[in-house]
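Have a look at the structure below before the remarks.
Chain letters run A, B, ... following the sequence lines, proteins first, then strands; residues in each count from 1.
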Amino acid sequence: MQYPLYLSVLVPLPLKQPIFTYIYESGSDEEPQLVGRLVTVPFGPKKCYTGLVLAQQHIEPEGAHRLKPVLKLLPYPPIPPYIIELWQWVASYYMCSLGEVLTAAIQQGFRPDGTQGEELKRTALMLRGWLPSERLMSDAHFRGYLQGQLKGGSAAEKALQKILTTYRQGDKPPMSLQELAEWLETSSYTINKLRKVGVVEECEVLASSLNEAVTLPHHKVGDALSKAITIGSSRIALIHCPNSRIEERIPYDFLLQRVAKGKQVLLLLPNIEVLKQLMPELQKQFGASLYRYFSTTTEKERRTTWLAALSGEAGLYVGLRAAVWLPFASLGLVAIIDEEDRGYRQYEPAPRFTATNTALMLAHFAKVETLLLSATPSIESYTLALQQKYSFVEVPHTPPDVRVQTVWMPKAFEEHSVQGRMLSFQMIGAIREAIDEGGLALLLYQRKGFARSATCPKCQASPKCPHCHTTLRYMEQSRMLVCGICGYYQSLPNHCPECGAGGMQLIGTGIERLRRAMEELFPGIPIKMAEEVDRRTKLPPVILSSSYQPPQEFLRSATTVGWVQLDLLYALSDYRANELTFRYLMQSRDEAPQLQRIVVQHFATAPNALTAFEQNDYQQMLDFELEERHAILLPPFSRHIDIYFESAAQSQAFQLATTAVTTLQNKLPEVTTLGPAPMPVHKKETTIGYKVTLLAPLQRSSKQLRDAIYQLLDPLLKEYRGPKMNCYYDVDPL
DNA sequence: TGCTAGTGTACG
DNA sequence: GTACACTAGCAA
């Protein structure tokens, strides 16, 4: 008996309600299992999208709408139910549409979208050709009928016999008619006959489903790190590897063992730089069972990896944050390297999610273990370890043999031991040592341009960005005043635009001024900015980096690291500033194998991060942070959610954000609601955004909190009349 | 009256 | 996200 099936299909669009019903006419006797399958469906008057089947039923649903039919059932295996559960969790936890999660989770290449009528772009891994028909293989009646049709002893009947005795479904790729004739040892006339009666039919098959089995790697002699790992009953282990370099945080042997057992292992890395650095060794260790999944690989390779994950191929799956979307059919382990890294956070576009947290949920739904390996774990993870939600492993280590000098700049100025505005005698001495021994001095100064501002000597006015209202910095190279946020630029005016006085003064310092000072102090020595260095030739003796996380390859060669002004990081108005300062200090020393000495200049008195770093004491930083954050209920002692209101109309956005703040403060008094804070324009359009920050106590479940927010804000947005307003959430921002 | 730009609504 | 219907504003 045949009847139509009604499918609930999730479409990859950012809608509040992205699930729609379609009709599927099934051709076979049994009810096909379509949940988890990808289907192409018509949507609206012109478009069609590939969506995910969430449910099926044969009872006609209510509503008099005329339902549209499914256009095509994609030949991928179904997405495992626990993966769909994970995606639903992401949409709910990170407060975004399930359609947005689907868009992120299944890349464009795997779900061809297009215009109705026009042939959908065929996916590259499909093989097209002729094979014995599915009906022949599955339907005994049809088989009998065909055998009756073809005269006994005829060439066609012999060919059918051959198919029935030798062919098993899926063991041959689709063939051309000529190849089919060769296989069946018959003529094109007979093939044509078989085609007409329906013994063979044209079909499309996934190329990868015919992959031959990969030999799994042998498991080798254990490394010390793998031996140290123990995982408790919580199935999550936080592994603290103090003073380690990135390659020392990969438990190769532990991962190999799981792969050798025929399991899929997900290895998450925080950024492309680390990934490139580790790739040769990973390739050596895992060989053919290494599957790569990140944006710089070819689309074909990503698709192979995706299909391998979905078909349950054992192996090590390596990727950046997007690899958490791989639909693993037989996951055995998740390993996250440097879980605290900001590279795991995605801000734009939605879903705004943290891959570390999402990967933990992936492992949770798959009921497998997770390893978090880090040199400086986040306060959040450490707290969970303290609460015994994670088991905690401290890997033995040897403190590095590096000379650490700290210079308190106010005192240095007082003693007149500062040259070129910002370099103490200690710093200059350390740089000179590096130059003399033929090493590399790497100076860190996270301040772009030449000067902080151009200021009028008479009225003290400084040109500001018309979009962001921040003071424009002066860039020496382009001789322009530039906005550090949106990139707006203008030339340096000769006269003050406010009062007309002449002789604008350049106030404050930037990395370009540092370079000029260095050139005066070290004449004849090549001094380069990090971005100018030609990586193919020998490194210059001095490199200036405007990032506190300089490129790994410079750290690898550095013999001296100089922090020109620690305060630019430490004094950020971010409750994670101290934690971040400690982490970057540690990295600038521990990831540099050649390092002899490190000099840190600072203005603040005894920053905790610096003292903890000098004493090589992670615990000291943690204790300080936990106390600070507990006192004012910051994460991990509260939940942090940011709400954004964006519109071209500034006053309306501000007004709505203000109303939201008052409503939230009145109705949720236990939650600290801050803002609205104006946000810099981040897109090219002239939209203005306001941010409202919520810090909610942990007593209430996060689900309850989110529901309460929706209940209060949805009516506000519904009532709002005026220019287009965009409102979105950012849960657990980093 | 005709055109354009902006907005609201629905999409199964 | 895209398509289409609708409306306000404006020029002919």
Side-chain angles (χ1 to χ4, degrees), chain A residues 3-26 34-74 84 87 90-91 94-121 325 346-353 644-653 655-656 683-688 714-729:
Chain A
Y3 37 76
L5 274 178
Y6 298 94
L7 305 182
S8 299
V9 177
L10 169 66
V11 292
L13 294 174
L15 310 173
K16 272 227 169 84
Q17 225 306 20
I19 300 160
F20 296 85
T21 313
Y22 288 88
I23 297 185
Y24 179 80
E25 299 285 348
S26 141
L34 299 178
V35 173
R37 296 288 298 269
L38 296 184
V39 288
T40 303
V41 291
F43 194 80
K46 288 222 171 82
K47 301 286 291 183
C48 58
Y49 294 101
T50 296
L52 173 68
V53 179
L54 291 183
Q56 66 183 62
Q57 60 171 70
H58 37 253
I59 307 148
E60 194 178 313
E62 277 184 61
H65 294 289
R66 231 178 54 234
L67 299 180
K68 288 184 182 173
V70 166
L71 295 177
K72 189 174 177 182
L73 179 66
L74 298 198
I84 299 176
W87 296 349
V90 170
Y94 290 108
M95 303 178 85
C96 66
S97 161
L98 187 55
E100 288 171 318
V101 179
L102 183 70
T103 313
I106 304 183
Q107 298 192 355
Q108 203 99 75
F110 318 143
R111 44 167 185 82
D113 298 342
T115 314
Q116 284 169 34
E118 155 195 318
E119 181 83 5
L120 286 173
K121 225 185 9 180
W325 305 123
Q346 171 155 318
Y347 289 98
E348 220 44 64
R352 297 173 179 83
F353 72 103
Y644 289 86
F645 295 88
E646 278 183 356
S647 174
Q650 184 179 358
S651 59
Q652 271 94 336
Q655 211 169 4
L656 191 61
K683 290 166 199 152
K684 276 194 187 114
E685 301 99 81
T686 47
T687 55
I688 296 282
D714 283 350
L716 277 189
L717 288 161
K718 218 169 180 179
E719 273 168 43
Y720 169 81
R721 294 280 168 272
K724 229 190 176 75
M725 183 73 62
N726 187 19
C727 171
Y728 59 86
Y729 300 91

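- Residue A:Arg66 contributes atom CZ, which lies 11 Å from atom C1' of B:dG12 at whole-angstrom precision.
- Between A:Leu52 and A:Ile84, the closest side-chain pair of non-hydrogen atoms falls below 4.5 Å.
- When distances are taken from the side chain of A:Leu15 to each of B:dC11, B:dT7, B:dG12, the shortest belongs to B:dC11.
- The interatomic distance linking A:Tyr22 (OH) with B:dC11 (C1') rounds to 7 Å, in whole Å.
- With B:dC11, C:dT2, C:dA3 as the choices, the nucleotide that has an atom nearest any side-chain atom of A:Tyr49 turns out to be C:dT2.
- Rounded to the nearest 0.5 Å, atoms CZ (A:Phe20) and CG (A:Leu54) are 12.0 Å apart.
- When the nucleotides C:dC4, C:dT2, B:dG12 are ranked by their closest atom to the side chain of A:Lys47, C:dT2 comes out on top.
- We find that OH of A:Tyr24 is positioned 18 Å from C1' of B:dG12, with the value rounded to whole Å.
- A:Ile23 comes within contact range of no nucleotide atom at all, as no heavy-atom separation falls under 4.0 Å.
- Summarising the geometry, the separation between NZ on A:Lys718 and C1' on B:dG8 is reported as 14 Å, rounded to the nearest angstrom.
- Between A:Leu98 and A:Pro18 the shortest side-chain heavy-atom distance falls below 4.5 Å.
- Spacing between atom OH of A:Tyr720 and atom P of B:dG8 amounts to 9 Å, rounded to whole angstrom units.
- Judged by a 6.0 Å distance limit and a 45° cone about the ring axis, A:Arg352 is positioned over the six-membered ring of A:Tyr728.
- An OP1 or OP2 oxygen of B:dG8 is reached within less than 4.0 angstrom by no side-chain nitrogen or oxygen of A:Lys724.
- Distance, A:Tyr728 OH to C:dG1 P: 13 Å, rounded to whole Å.
- When rounded to the nearest whole Å, the span between CZ of A:Phe20 and C1' of C:dG1 equals 11 Å.
- For the pair A:Lys16 NZ and B:dA10 P, the interatomic distance rounds to 14 Å; values are reported in whole Å.
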